[in-house]
Structures are given as C-alpha cells and as structure tokens.
Protein chains: 2
Amino acid sequence: MRENTGKSKYVMLGMLARMPLTGYMIKKWLENEYSHFWQESYGQIYPTLKKLVEEGLAVSSESSERRNGRGQILYTITDAGKKELSDWLSKEPEIEKLRYEILLKISFGDNTTKDVLLGHLDEFIQRNEKLIKDMNGYIEEIEGASGLDFDCSYSKLTALCGIHIYTAMKAWAIEAKDIIAAKGEKDHETKNP
Amino acid sequence: MRENTGKSKYVMLGMLARMPLTGYMIKKWLENEYSHFWQESYGQIYPTLKKLVEEGLAVSSESSERRNGRGQILYTITDAGKKELSDWLSKEPEIEKLRYEILLKISFGDNTTKDVLLGHLDEFIQRNEKLIKDMNGYIEEIEGASGLDFDCSYSKLTALCGIHIYTAMKAWAIEAKDIIAAKGEKDHETKNP
DNA sequence: TTCGGCATGTAACTTGTTACATGATTTG
DNA sequence: CAAATCATGTAACAAGTTACATGCCGAA
C-alpha cells in the first residue's frame, strides 16, 4: 500500500466530497476556480481517479447513457474516502517550496541592464493588476449568485488570499522599480564625484 | 543540443557570475540566501555543473591541493556562459504555477471542523511572523556589512519581496480567522431562528 | 575515537507535463 | 461539413528529491 499519489489524491477527494464528478468535470472545475493556487493535468487526474477506486476511497459508475460525446465515468466518494479526506485536512499543511523566477532574475540583476529589470517589473505589475481584477470579479460573482446549493464562503477566502498576495506583489514591484531607478543615479554619482 | 536543464542551469550561471564556486558552495549559498524563493538539491547541482562544462558555459579546475576534506572542483563562468545568462535574464519571466496547500485545505473546509482550520491558520500566522523577522534580520545584516566586495542591493530587493508576501499572508490569515469565526455564529443563527 | 562538516557524486524514485490517440456530439 | 467541445486515456519525457556511497579533516 505505497503512498504514491501525492496531493492530487486529496484534491480529487475534496472535490468529490461536494458531488459526484467525472475526470473531465474535475479538470474544468480546477481551471475555473482553483487555477490561481492549484492545477492538475489529465495525465494526473485519470490515473489518480483509478487509484482512488482501487483503494476503496471512491466508486465509479459508468453511465452507458452517453449524453455528450463518449460515455462518462462518474466517481462518487465513499465513507472511507471521506475519512481519508478529513484525516488529511487535520494534518498541518506542509511548508511550500516556492520558486519565483522573477526574484531570481532580480537577484542576478548585476548581469543585465536596468531597463531589462524595469521592463520585467512593469510586466509583473500589469499581470498582478489583472489577477486582482480577476479575483475581485470572482468574489462578486459568488456573492451575486445567492440561491446556491452549497456554501462558497471557503472558496471566497481563497480568492481573498489571492487579492492579498497579488496586491503585495504589485506594491513590491513598484517599490523595487523606484529603488532600482534611484540606485542607477547613485552609481552615476559614485563614478563621477 | 537538447534543452534539458530547466532553470537550475541559469541559477548556477548567475551564481558563478559573482565568483568561481564549487557545487558544495553553491548549495550552501542557496540555503543561506535564496532558500525563501529558490532551492536546489545536490542531485540537480552536480549534474548541471557538468553539463555547463560540456556546453562550454563554464570551465572546471580541479584543485588537487585538498584544503578541506576531498579535493574541490572549482567552476568558473566563461564568456559564452555570461552571454547565456544575460540572454536568459532578458527573457520575460514565466508565470509561476503556485500550489498552496493551505488554500486547498481552507477551500475544502466544509469537510472538517472550524477548530482544525483555525489551528492551521494560527500556525500559518506564526510561521509568517518568523519569516518576516528572518527577512528583516537578513536586510539588517547586509546593511551592516558595509565594506563588501560586491553590491547586495538586488539581494535586498528579494528580501523586501519576502517581507511584502509574508506580511500579506499573515494579514490574510488573521482576516480569514475572523471570517471563519463569524461564519460559525451565522450558521448557528440560521439553524436556530 | 567518534562525530560533524566538507566535498563529490549517482541510482532509484516520485511527480508532473506534453503530446498524442480515439471518437461522439453539438454548433456555426 | 468543419470545427469546437465533450470525454477518456496513455506513453514518453522532464524535472526534481531522497537516500545512499565515499572519504578526508578537525574538534570534542
């Protein structure tokens, strides 16, 4: 009983806990609502789903009535699956290993021009502005949809986190631009006393 | 000439651009100053260094004078390496794919208790407080060391980014705790009109 | 003499992505 | 009729971690 499915397994379980889903639906749902902090490819989803069934954490029901395209395979979480999920939820989240390419490029800034760095930061600011707008739109969307069959307040919390992060990133980038610009002037002074 | 080394290659080049280094020194340096936004394992470092030499981006000089322990292999960047680095620095940084486990757990919050979530958030707040303190310490450190042989201002910028992010994360977690606590009360009201 | 740090290296494994194959149905 | 979308799936690859092997030196 090796533990080879990483976190994808729990993502599937968490989504199936809401409602029975197909692999395709899981992918679409991830793309729409989780993409800013989580993503999975089909190459992960389908094999993981099969393992879930093997481990008794979900059951599959092949609906031969092919409504759209090929016949769908619906996965439903079992009691064992619910227990597995809640056990995982109780465990303290691991510390994330982050890899910010932009910070790498900034920290190697000596090896390029000021303009290149300022360009990257400008692009970064725009990207974060877009993300903030997206997150705000998403929050309005779920606030607008009142008569929903399930509670979205936890989803809203993750969007709120996005807003915090992207706002902080944008603020940093603006500050960084100022510092880099000022630094250029200082260098010039030093070289021409 | 396949492109199989990902970003590790450029990290090595960026560090070698400062001074000639051994694999071991690269690892230690990464652990000390880059660990909050980048990390590499020996399993990546040594093979990548070899490839750098194969591609003519660095040269190795085995100093047979074994100062400490086993004889070291010093790697020095070549002009071709410097060009490769500056070309990479000019390219727009890729959009990061983030995976925040804590957000996953929060978004699946329905399947556990309020106490579990509040506990995770408390731990998260403490972790971020520690990180903010670390980053501030790091900034003071490089500000204190005045007569340094090379400019640290770009490193300081990355630390500043850390402070922004961790502060934002902490602020979010505090807000999230309040919202989750309030939500509990509201649920109670709804169930007992 | 034992332990920790210096120092290099690799094999096995895990994790995840990409590109492809298949094919029905819906929409323009 | 062509293209997009629904829908499942896999093989090959890429990337990265872990655990281990080796061995010297200095300090406790």
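We name chains A, B, ... by the order of the sequence lines, and we start the count at 1 in each one. Remember, it's a predicted structure, so these values are computed and weren't measured experimentally.
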Interatomic distance where [atom1] belongs to [X] and [atom2] belongs to [N] [whole Å]:
{"X": "B:K27", "N": "D:dT18", "atom1": "NZ", "atom2": "C1'", "result": "11 Å"}
{"X": "B:W29", "N": "C:dA7", "atom1": "CH2", "atom2": "P", "result": "16 Å"}
{"X": "A:K97", "N": "D:dA15", "atom1": "NZ", "atom2": "P", "result": "18 Å"}
{"X": "B:K7", "N": "D:dA14", "atom1": "NZ", "atom2": "C1'", "result": "13 Å"}
{"X": "B:L49", "N": "C:dA7", "atom1": "CG", "atom2": "P", "result": "14 Å"}
{"X": "B:Y75", "N": "C:dA7", "atom1": "OH", "atom2": "C1'", "result": "12 Å"}
{"X": "B:Q72", "N": "D:dC24", "atom1": "CD", "atom2": "P", "result": "16 Å"}
{"X": "A:E96", "N": "D:dT17", "atom1": "CD", "atom2": "P", "result": "15 Å"}

Among [options], the nucleotide that comes nearest once only the side chain of [X] is considered:
{"X": "A:I73", "options": "D:dA7, C:dG16, D:dG9", "result": "D:dG9"}
{"X": "A:Y24", "options": "C:dA7, D:dT5, C:dT17", "result": "D:dT5"}
{"X": "B:S41", "options": "D:dT18, D:dA7, C:dT8", "result": "D:dT18"}
{"X": "B:P47", "options": "D:dC6, C:dT8, C:dT10", "result": "C:dT10"}

Please work out if B:G43 contacts a base, only the sugar-phosphate, or nothing of the nucleic acid, heavy-atom cut-off 4.0 Å.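 Base, at least one base heavy atom under 4.0 Å.
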For [N], does either OP1 or OP2 sit under 4.0 Å from a side-chain N or O belonging to [X]?
{"X": "B:Y46", "N": "C:dT8", "answer": "yes"}
{"X": "A:R99", "N": "D:dG16", "answer": "yes"}
{"X": "B:S8", "N": "D:dG16", "answer": "yes"}
{"X": "B:T22", "N": "C:dT8", "answer": "yes"}

Does the pair B:K51/B:E55 count as a salt bridge with the N-to-O cut at 4.0 Å?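 No.
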B:Q44 side chain to B:S8 side chain, donor-acceptor N/O pair below 3.5 angstrom: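 Result is yes, a qualifying pair exists.
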For residues B:W29 and B:E33, is any side-chain donor paired with an opposing acceptor at under 3.5 Å?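 A pair is found: one side chain offers a donor N or O, the other an acceptor, under 3.5 Å apart.
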Any sub-3.5 Å donor-acceptor pair from A:S107's side-chain atoms to B:Y154's backbone N or O?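 Not a single qualifying donor-acceptor pair exists.
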Looking at A:W88, is B:K105 sitting on its ring face, NZ or CZ under 6.0 Å from the six-membered ring centre and within 45 degrees of the normal?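 Yes, B:K105 and A:W88 form such a contact.
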Please tell me which of A:Y42 and B:K50 maps to the more 5' nucleotide of DNA chain C, matching each residue to the nucleotide holding its nearest heavy atom.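 The answer here is B:K50.
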